[in-house]
Amino acid sequence: MNIFDQMESDVRSYCRSFPVVFNKAKMSDMFTDNGDKYIDFFCGAGALNYGHNNDYIIDRIIDYLRNSGIMHSLDMHTTAKAEFMKCFCDKILKPRNLDYKLMFCGPTGTNANEAALKIARKYTGRTNVFSFMGAFHGMSLGSLALTSSDFSRDGAGVPLGNVTFMPFPFGFNETFDTIGYIENVLNDDHSGIEKPAAIFCETVQAEGGIIPADKEWLVRLRDLCTRHGILLVCDEVQVGCGRTGTFFSFERAGIAPDMVSLSKSISGSGLPMSLLLIKPEYDCFKPGEHNGTFRGNQLAFVGAKAAIDFAVETGLYEKVNQKGIIIEKFVRENILPLDSSFEYRGIGLIHGIDFSKSSVEDACGKIAHECFSNGLVIERAGRRDDVLKIMPALTIEEDELMEGLKIIETSVKNVFGFK
């Protein structure tokens, strides 16, 4: 029995899908302690948009350490925080004409969503919140109440209330107007549903199965929230930081949410960090009303500034869409023709192949296992984990991207018995 089986809690998860001991990683490659190489299409569940140990980012972090930079400061003023805030304002917010205050939360995405929940309820005086079917917003109790997965919710041990789930534009008849339905719920004095303090939305549902909402739908959602005095919160934890081809995934719709939660790749290097952007008029917390010991991760501030500098200097986000086109072309030409039951969805560098309608039982699980056997780390998502989630680093080289895609093609053929 190894040390992990002997000592680690049974809650461990990803290691069961990838049962090796990883030792080193560089950009899009991961290496085991035996020296075996794997291409990474998992990307730390979206926490490594800039690749593993990106030299540009890591060098700045190492320089900070060598100069005895402060490591922990709660929410005290530091040079590292000031430099990140100025960079974020000058290079992310101002060019997009966005006006937000920055709240540094506990170092996980779920904590940023918890903060947004508390602000919305405090500001509006309402307790109910709307979330969407297929949503994932975190695993702490407030965020878990916003998360729709039965499996995730079953672990809570207590009722998860004060959230009403609305239909996302997926899985319904194309003529069903989900925004119109929400409008009717809000206007009907017999709907039995309380007006919410906020609506939480992922513009691309990632864990829900790689489901991008279209621009018109997002514009209508923003308009609905404005007219009804409901705060719109966009969860950018997984699909932000350039993942969809723009820094924020909501940019494609030209909207400005009232609050935006960021985590995962915001630190640039996989270090823990989360951030809540708040329109100034909703910044209603009293000092210390939402705090946390590790809301001042100084190394993460250094990495976060470096990541933004790197992306701007290299034109990274523009290249994301080019690589996304490569993925879509490959999937449509090499994988979808194999079986008419396969479906595909994607945007930027987050794509999914949906095997839910295939005749092979647990096809996606078998394909993911086959991919790993052939040197590719890849995750599943969606209902019953039936969607193969293609999410490489934004920095991946085209030849390595193609190598990974060919492993997927081979794995699909092997599982389905295609020559």
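Bear in mind that the values here come from a model prediction, so they are computed numbers and not experimental data.
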Pairs satisfying side chain to side chain donor-acceptor pair (under 3.5 Å), at least one member in residues 22-35, at least two apart: K26-D55
Residue pairs passing the side chain to side chain donor-acceptor pair (under 3.5 Å) test with at least one member in residues 41-50, sequence neighbours excluded, are N49-R243, N49-S265, Y50-Y317
Show, in sequence, the C-alpha distance, side-chain angles and deciding distance for F200 and F132, and conclude whether the ring pair (Phe, Tyr, Trp, His ring centres under 6.0 Å) test is met. CA-CA 8 Å; F200 279 68; F132 289 101; over 10 Å; no
Backbone N/O of [Y] and side chain of [X]: donor-acceptor pair under 3.5 Å:
| X | Y | answer |
| --- | --- | --- |
| K215 | F250 | no |
| K323 | I396 | yes |
| S373 | H369 | yes |
| R295 | F104 | no |
| E194 | R126 | no |

Does atom CD of E216 have more than 12 heavy-atom neighbours, drawn from other residues, nucleotides or ligands, at distances under 6.0 Å?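 Counting other residues, nucleotides and ligands, CD of E216 stays at 12 neighbours or fewer.
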Around atom CZ of F165, are there more than 12 heavy atoms from other residues, nucleotides or ligands closer than 6.0 Å?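 Enclosed.
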How are the rings of Y14 and F18 set to each other: parallel, tilted or perpendicular (split at 30° and 60°)? parallel
Separation between SG of C284 and CD1 of I278, rounded to the nearest 0.5 Å: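 CD1 of I278 is found 8.0 Å from SG of C284.
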To the nearest 0.5 angstrom, please state how far the CD1 atom of I390 sits from the SG atom of C43.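 With rounding to 0.5 Å, CD1 (I390) is 13.5 Å from SG (C43).
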Verify the distance criterion only: is there a donor paired with an acceptor across the side chains of [X] and [Y] at less than 3.5 Å?
| X | Y | value |
| --- | --- | --- |
| S263 | S274 | no |
| S143 | T110 | yes |
| R153 | S148 | no |
| Y56 | R60 | yes |
| N128 | T164 | yes |
| Y123 | E281 | no |

Would you say [X] and [Y] make side-chain contact, with heavy atoms under 4.5 Å?
| X | Y | answer |
| --- | --- | --- |
| F88 | I266 | yes |
| F22 | Y38 | yes |
| F355 | R384 | no |
| D223 | R220 | no |

Consider side-chain hydrogen bond (donor to acceptor under 3.5 Å, both in side chains). Of K264, E207, Q205, which one does Q238 pass it with? E207
After noting the C-alpha distance and the side-chain angles of F168 and F170, does the key distance pass the ring pair (Phe, Tyr, Trp, His ring centres under 6.0 Å) rule? CA-CA 6 Å; F168 199 70; F170 174 78; 8.1 Å; no
